[in-house]
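Atoms considered below: every heavy atom in the structure, side chains included; atoms not considered: hydrogens, waters and symmetry mates. Residue numbers start from 1 in every chain, and the chains themselves are labelled A, B, ... in the order their sequence lines are given, proteins ahead of strands. Values in this document were obtained by computation on a predicted structure and should not be read as measured data.
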Number of protein chains: 2
Amino acid sequence: MGIEERKEREKEHRKEEILDAAQKVFFDKGLPTATMDEIAEAAELSKGTLYLYYKSKEDLYLGVMMRGMQVLFNEYEGLAASLDSPLQKIIKLSDLYIDFFVSNRKFFRMFHFLQMPQFHKQVSDEMQQYCGIETRRLWDLVIGIMKKGIESGILRSDLDPIEIGIILWSSSSALMMRGDTEGDRWKERFNIDLSHTLEVSNRLFLNAILTDKGRKEFTALR
Amino acid sequence: MGIEERKEREKEHRKEEILDAAQKVFFDKGLPTATMDEIAEAAELSKGTLYLYYKSKEDLYLGVMMRGMQVLFNEYEGLAASLDSPLQKIIKLSDLYIDFFVSNRKFFRMFHFLQMPQFHKQVSDEMQQYCGIETRRLWDLVIGIMKKGIESGILRSDLDPIEIGIILWSSSSALMMRGDTEGDRWKERFNIDLSHTLEVSNRLFLNAILTDKGRKEFTALR
DNA sequence: TTATATACTGACTATTAGTCATTTATTACT
DNA sequence: AGTAATAAATGACTAATAGTCAGTATATAA
């Protein structure tokens, strides 16, 4: 009998519905000001029910975030499969991340919380573990690309693939975050477009890690 | 009569005492889990009194943070005065920021909140303005150094001093933040020392923005 | 000494995360 | 179908805590 299976499906479906509602509220209000009552109302469920599916507000928040991460992840995997050259993959990864920031700004904004030590303490072990697995998956992907780049001779072999992966990802994230929160102010005060700054940053950095061969290939692509 | 003046001094003193207490509690617990009652107890005052001096918990938090920022700022101003060459000033700024991170990690950690859009909404206008002024002061300093670097011919003149200031500062901050929250995990999983990664990042980036003349001067310094 | 102004207090309110005894719906069994 | 057993959902309740404000204590002025 498939009753067990159906119930399992329904349970998963309810979890998704709750995530949908939570996403709407978190997008609007952010973690601190969103309330569980609001989320319950948006989900057309009672507050108690939310706690049958997620252990805490923070768990729910991470649940929404992880779903966003998978959007980014899957988009990239799809695109990367159609590309052969490691250089193109690097460029595509960097471009895609920027695109994701532009078109999923509210997801991106949620990512801030990942970096707050105090936040993690309120999260259940299961969610933390799940989070760790997904994050690891992302890093393996980034690092894998860099390794391929070095193997194929377009990236400097005296650099550590892991380190340049972190640097590229972190500096991009940082500039996008700044663009998100302070973009208008920079434009107004200094007439600086932070999305342009991000391009400059990535160009400078890419140039610094490419070999001569890589640079040739890069200029050929333009 | 100096009564007015004395009272003014005492008021300022009380504000500082409250900041001291708040700092202790925020360092221990972080913004979300610290409570005003705890701070009041640490300050040996009633909770109501805190609100006579600061408008909200977030205001108090920013008050502590701004004091930390001034520590960093003053340290740099002192050091920069003793240096002539723009290149040395750039290197010193970058080193000092890292030192500050190492020895004032808890201050540094507080800075995370500056980047959260949702946070600012709970802050009074006065504090926000004060915050803006101090931040502006910091950026003027960073940008000023970059401008001098370009004028003196050690930094590429085809780059915008503001943009490279932001890039250098942001990428350093990002890597320190990551080192703070995830340093242990990176060490364990990939045997990567993120403080080394930060050095690599700064070296790569500096190299990318220096002119030939700048690079010569740089190697001469080592 | 008294009146006024200033600094401080802590009980109180409002909000909200999280719980749990109770109710409602679903499935299994006769 | 009817009934017992199981699972899902509820919402009133508790505890914690940011922020308030009427009242108290202290310092200054007259």
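Looking at which nucleotide of DNA chain C each of B/G48 and B/K11 is closest to, the 5′-most match is held by B/K11. Two residues, A/L52 and B/P32, neighbour DNA chain D, and the one matched to the more 5' nucleotide by heavy-atom proximity is A/L52.
Close to D/dA9, at under 4.0 Å from its OP1 or OP2, lies a side-chain N or O of A/Y53. A close approach under 4.0 Å does occur between a side-chain nitrogen or oxygen of B/K57 and OP1 or OP2 of D/dA18. Side-chain N/O atoms of B/R6 include none lying less than 4.0 angstrom from OP1 or OP2 on D/dA27. Contact annotation: A/T49 reaches the phosphate of D/dT10 (side-chain N/O to OP1 or OP2, under 4.0 Å).
The interatomic distance linking B/Y54 (OH) with D/dA18 (C1') rounds to 18 Å, in whole Å. Atoms OH (B/Y61) and P (D/dA18) sit 14 Å apart, rounded to a whole Å. Rounded to whole angstrom, the span from the OH atom of B/Y51 across to the C1' atom of D/dA22 amounts to 18 Å. D/dG11 atom C1' lies 15 Å from atom CE of A/M36, rounded to whole Å. In this structure, A/D37 atom CG and D/dA12 atom P are separated by 11 Å, rounded to whole Å. Atom NE2 in B/H13 sits about 16 Å away from atom P in C/dA7, given to the nearest Å. Spacing between atom CD of B/E17 and atom P of C/dA7 amounts to 14 Å, rounded to whole angstrom units. The CZ-P distance, from A/R14 to C/dT26, rounds to 11 Å in whole Å.
Within the nucleic acid shown, B/A43 has no heavy atom closer than 4.0 Å to any nucleic acid atom. Using a 4.0 Å heavy-atom criterion, one finds that A/A34 contacts the sugar-phosphate atoms exclusively. Among the atoms of the strands shown, only primed sugar atoms or phosphate atoms (P, OP1, OP2) are found under 4.0 Å from some heavy atom of A/L45.
A/T181 and B/Q115 are not linked by any side-chain donor-acceptor pair at a separation below 3.5 angstrom, with hydrogens and angles left out of the test. Residues A/D193 and A/S195 bring a donor and an acceptor atom of their side chains to less than 3.5 Å of each other. For the residue pair A/Y54 and A/S124, no side-chain donor N or O sits within less than 3.5 Å of a side-chain acceptor on the partner. Checking B/T49 against B/S46 by side-chain atom types alone, a donor-acceptor pair falls below 3.5 Å.
Annotation: side chain to side chain donor-acceptor pair (under 3.5 Å) contacts of B/N202 (sequence neighbours excluded): B/S94, B/S172.
In terms of polar N and O atoms assigned as donor or acceptor, the side chain of B/K47 comes within less than 3.5 Å of the base of D/dA18 in a complementary pairing.
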